[in-house]
Structure formats: structure tokens, C-alpha cells
Colleague: 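Below: one structure in C-alpha cells.
By convention in this document, chain letters (A, B, ...) are assigned in the order of the sequence lines, proteins followed by strands, and residues within each chain are numbered from 1.
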Protein chains: 2
Amino acid sequence: MSYSIIHEFLLGFIKIHILYHADKEPVFGQAFKQELKRHGYDISYGTLYPIFHTLERQGYLHSKKENIKGKIRKYYTITTKGKRVLQQSRIKAKELFDELFEK
Amino acid sequence: MSYSIIHEFLLGFIKIHILYHADKEPVFGQAFKQELKRHGYDISYGTLYPIFHTLERQGYLHSKKENIKGKIRKYYTITTKGKRVLQQSRIKAKELFDELFEK
DNA sequence: GATTATAATATCGAAAATCGATATCGAAAA
DNA sequence: TTTTCGATATCGATTTTCGATATTATAATC
């Protein structure tokens, strides 16, 4: 079976969405997933965590482990390089969306 | 190597984009690809044609072969079922985009 | 009427992305 | 020192995407 059209759409801009959020405040995997879920969208941990790792490896995010009530969280915040990429990407994405679809 | 953030975004809504166009006028693979190219985006035939096939198999598009100056084109137009799906998808996609990203 | 040219579609094996399930981690509590 | 638990990490299987190559069908050329 294949993924739904909307799920594909969500996956397509998940990186932009992560950068967008990590620009506002530190984010971590579990909460990020749950926030999406609240909106009615589901993304697997097997997809999500590797995306965080990739964005960090590419230097767009940087992480810091924190001990919250005895549990370890890995908070990600955007880097300067990440901000540049986000800036470009969000402009392009908006353009593309309007241009090719919404008019 | 991985695909670029914008390319991923494009791929994410390629089906919606195809349905959207096929709702306005008949579309065929070659021209569709070239139109994207004019906008600066590239998608492989190995990706594009199977997507058309899938959308047809799912009953969202229906095709008709035509002889244009001795060359065969397969024109796709949207079906009633496709219109329903497009309607739902575009609303959801817009919502999702605004909600999770643009505000 | 056989051969060549060509616009367009179709397909294939390899690479990448995604999933869902399971494993691991690390500190606190028991 | 064992158990608990929120959270991250990873694994094999499935699905998607790519770029290259093959195929199709007609027109033009000889």
C-alpha cells in the first residue's frame, strides 16, 4: 500500500517545518511528534529521528542533551547556517506552492 | 546523497499539482515535466510516469491516447472521483501549510 | 513499402526514504 | 542493584525515486 496524498505532502515539508520550529524554540523528537499528532498527522519515529540526525549532520541544527526529571531529552536549536537555509527554503516553498497550485 | 529540501517539498505535492492541472485541461507527461523545468524544478520521468499510472489506477485520472503530428500522446483528465480527492486534498494541504509553517 | 527519425511513454536495477517494531539509554525510585 | 519509564536509536522490510535504457507509433525519406 502507498501513503496518502496528504501524508506525502506532510513528509515533503517536514524538514522546513522542523527548522521553522527550531528557530522559535528548542524542539525534541517526542514532543514534535505529539504536536503533529494533535493536528491529526502521524509520522513514524523511524522517519523522524533520522531526519533530526541528518539536519544536524548537515549543520542546520545543533543539539544539547538535557536531564528533565531524570529523563534525557535531546533539544535541537537552529544554527546560523540553518537559518540561512530556512530563509531560502521558506521563500521558495511559498512561491512554489502558490505558483504551481494555489495561484 | 539526499534530495534537496525544496525538491522534497515539490515531490510532496506533485500528486495534488497533477490533479489540479488535470482539472483545468488535459495534461501529458512530457509537457508537464517541461513546465516544471521552466519554473526551475526537475522531476525524473522514472518518477513522473509511474505517478500518472498510480493516479489512473486509483481512478483519479483517466487517459486517452491521441495522435499529434504522428506522435502518440497520452492525455490525462481528472475524473469525478479525482475531483473529490483534489477538493479534499487541496483544502487539507493549504491548512497544513498555513497551520504548521506560515501562520 | 522498407528504413530512418523522433516525440513520447514505459520500464528496470540501484539508491534513498519510510515504516513499525524492537532495542537501548540514563537517571530516579524502589 | 533492580525496576521503571520517558525518550532516543536502530533494524529489516517495504515503498519511492532516480537516471538510463528500451519501446512505441507514426511521419518523412528514400
Colleague: Both distances below 3.5 Å, Watson-Crick or wobble geometry, any strand: find the nucleotide opposite C:dA27.
Modeller: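 Check on C:dA27: paired to D:dT4, both distances under 3.5 Å.
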
Colleague: Are the side chain of A:T79 and the backbone N or O of A:H62 linked by a donor-acceptor pair below 3.5 Å?
Modeller: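 No; judged by distance alone, with no hydrogens or angles, the pair does not exist.
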
Colleague: Of all the heavy-atom pairs spanning B:P26 and B:Y75, show the shortest one and how long it is.
Modeller: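 Looking at all heavy atoms of both residues, the shortest contact is CB-CD2, 3.6 Å.
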
Colleague: Which sits closer to the 5' end of DNA chain C, B:G29 or A:K65, going by the nucleotide each is nearest to?
Modeller: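 Looking at the nearest nucleotide for each, B:G29 comes out on the 5' side.
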
Colleague: Among the candidates D:dT10, D:dT8, D:dT17, find the nucleotide nearest to the side-chain atoms of A:F28.
Modeller: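 Minimum distance to the A:F28 side chain belongs to D:dT8.
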
Colleague: Hey, does B:I68 reach any base, or is it just sugar-phosphate, or nothing, if we go heavy atoms under 4.0 Å?
Modeller: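 No contact at all - B:I68 keeps every heavy atom at 4.0 Å or more from the nucleic acid.
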
Colleague: What's A:S44 touching, base or sugar-phosphate or nothing? Going by heavy atoms closer than 4.0 Å.
Modeller: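 Base contact.
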
Colleague: Within this structure, what is the CG-to-C1' distance between A:L11 and C:dA16, rounded to whole angstrom?
Modeller: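 Taking atom C1' of C:dA16 as the reference, CG of A:L11 is at 14 Å.
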
Colleague: Looking at B:K81 and B:Q58, would you say the former's side chain and the latter's main chain have a donor-acceptor pair under 3.5 Å?
Modeller: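 Side chain of B:K81 to backbone of B:Q58, a donor-acceptor pair under 3.5 Å: yes, one is there.
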
Colleague: Please report the distance, rounded to the nearest Å, between CD1 in A:I18 and P in C:dA17.
Modeller: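 Roughly 14 Å, once rounded to whole Å.
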
Colleague: Looking at every strand, decide which applies to B:F52 at a 4.0 Å heavy-atom threshold: base, sugar-phosphate, or nothing.
Modeller: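 No contact at all - B:F52 keeps every heavy atom at 4.0 Å or more from the nucleic acid.
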
Colleague: Please write out the pairs of protein N or O atoms and N or O atoms of nucleotides 26-30 of chain D separated by less than 3.5 Å, giving the distance to one decimal.
Modeller:
residue	atom	partner	partner atom	Å
D:dT26	O4'	B:G70	O	3.1

Colleague: The side chain of A:E8 lies closest to which of these nucleotides: C:dT18, C:dA10, D:dT16?
Modeller: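 Looking only at heavy atoms from C-beta outward on A:E8, the closest nucleotide is D:dT16.
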
Colleague: Give the rounded distance in Å between these two atoms: CD of A:E56 and P of D:dA9.
Modeller: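 These atoms are roughly 9 Å apart.
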
Colleague: Roughly, in whole Å, what's the span from OH in A:Y49 to P in C:dT24?
Modeller: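 Whole-Å distance recorded here is 17 Å.
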
Colleague: I'd like to know if the side chain of A:S89 reaches the main chain of A:I16, judged simply by a donor and an acceptor atom lying under 3.5 Å from each other, with no hydrogens or angles considered.
Modeller: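 No, the answer is negative, given that no donor and acceptor are paired below the 3.5 Å cut-off.
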
Colleague: Should the ring pair A:F13 and A:F9 be called parallel, tilted or perpendicular, given that the plane angle runs from 0 to 90° and is split at 30 and 60?
Modeller: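 Correct class here is tilted.
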
Colleague: Expressed in angstrom and rounded to an integer, what is the separation of A:H53 atom NE2 from C:dA17 atom P?
Modeller: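 That distance rounds to 15 Å.
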
Colleague: For the CZ atom of B:F28 and the NZ atom of B:K65, what is their distance to the nearest 0.5 Å?
Modeller: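 It is 14.5 Å, given to the nearest 0.5 Å.
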
Colleague: Are any side-chain N or O atoms of B:K33 and backbone N or O atoms of B:I43, one a donor and one an acceptor, separated by less than 3.5 Å?
Modeller: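 Yes: the side chain of B:K33 pairs with the backbone of B:I43.
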
Colleague: Specify whether B:H21 and B:H17 have parallel, tilted or perpendicular ring planes, treating 30° as the upper limit for parallel and 60° as the lower limit for perpendicular.
Modeller: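 B:H21 vs B:H17 ring planes: perpendicular.
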
Colleague: Could you state the atom-to-atom distance from CD1 of A:I51 to C1' of D:dT8 in whole Å?
Modeller: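 Spelled out: CD1 on A:I51 to C1' on D:dT8 is 15 Å.
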
Colleague: Can you measure A:K74 atom NZ to D:dT8 atom C1' for me and round it to whole angstrom units?
Modeller: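 Nearest whole value for this atom pair: 7 Å.
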
Colleague: Could you check whether A:G46 gets within reach of a base, just the sugar-phosphate, or nothing at all, counting any heavy atom under 4.0 Å?
Modeller: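 Base, at least one base heavy atom under 4.0 Å.
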
Colleague: Between D:dT16, D:dT8, C:dT9, which nucleotide has the shortest distance from any of its atoms to the side chain of A:Q30?
Modeller: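 Between D:dT16, D:dT8, C:dT9, the one nearest the side chain of A:Q30 would be D:dT8.
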
Colleague: Taking pairing as Watson-Crick or G-U wobble with both contacts under 3.5 Å, can you name the mate of C:dA8, or confirm there isn't one?
Modeller: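 C:dA8 is paired with D:dT23.
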
Colleague: Does D:dG12 have a Watson-Crick or wobble partner in any strand here, with both distances under 3.5 angstrom, and which is it?
Modeller: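 Pairing partner, where one exists within any strand: C:dC19.
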
Colleague: Find the distance B:Y3:OH to D:dT15:C1' and express it as a whole number of Å.
Modeller: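 Between C1' of D:dT15 and OH of B:Y3: 11 Å.
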
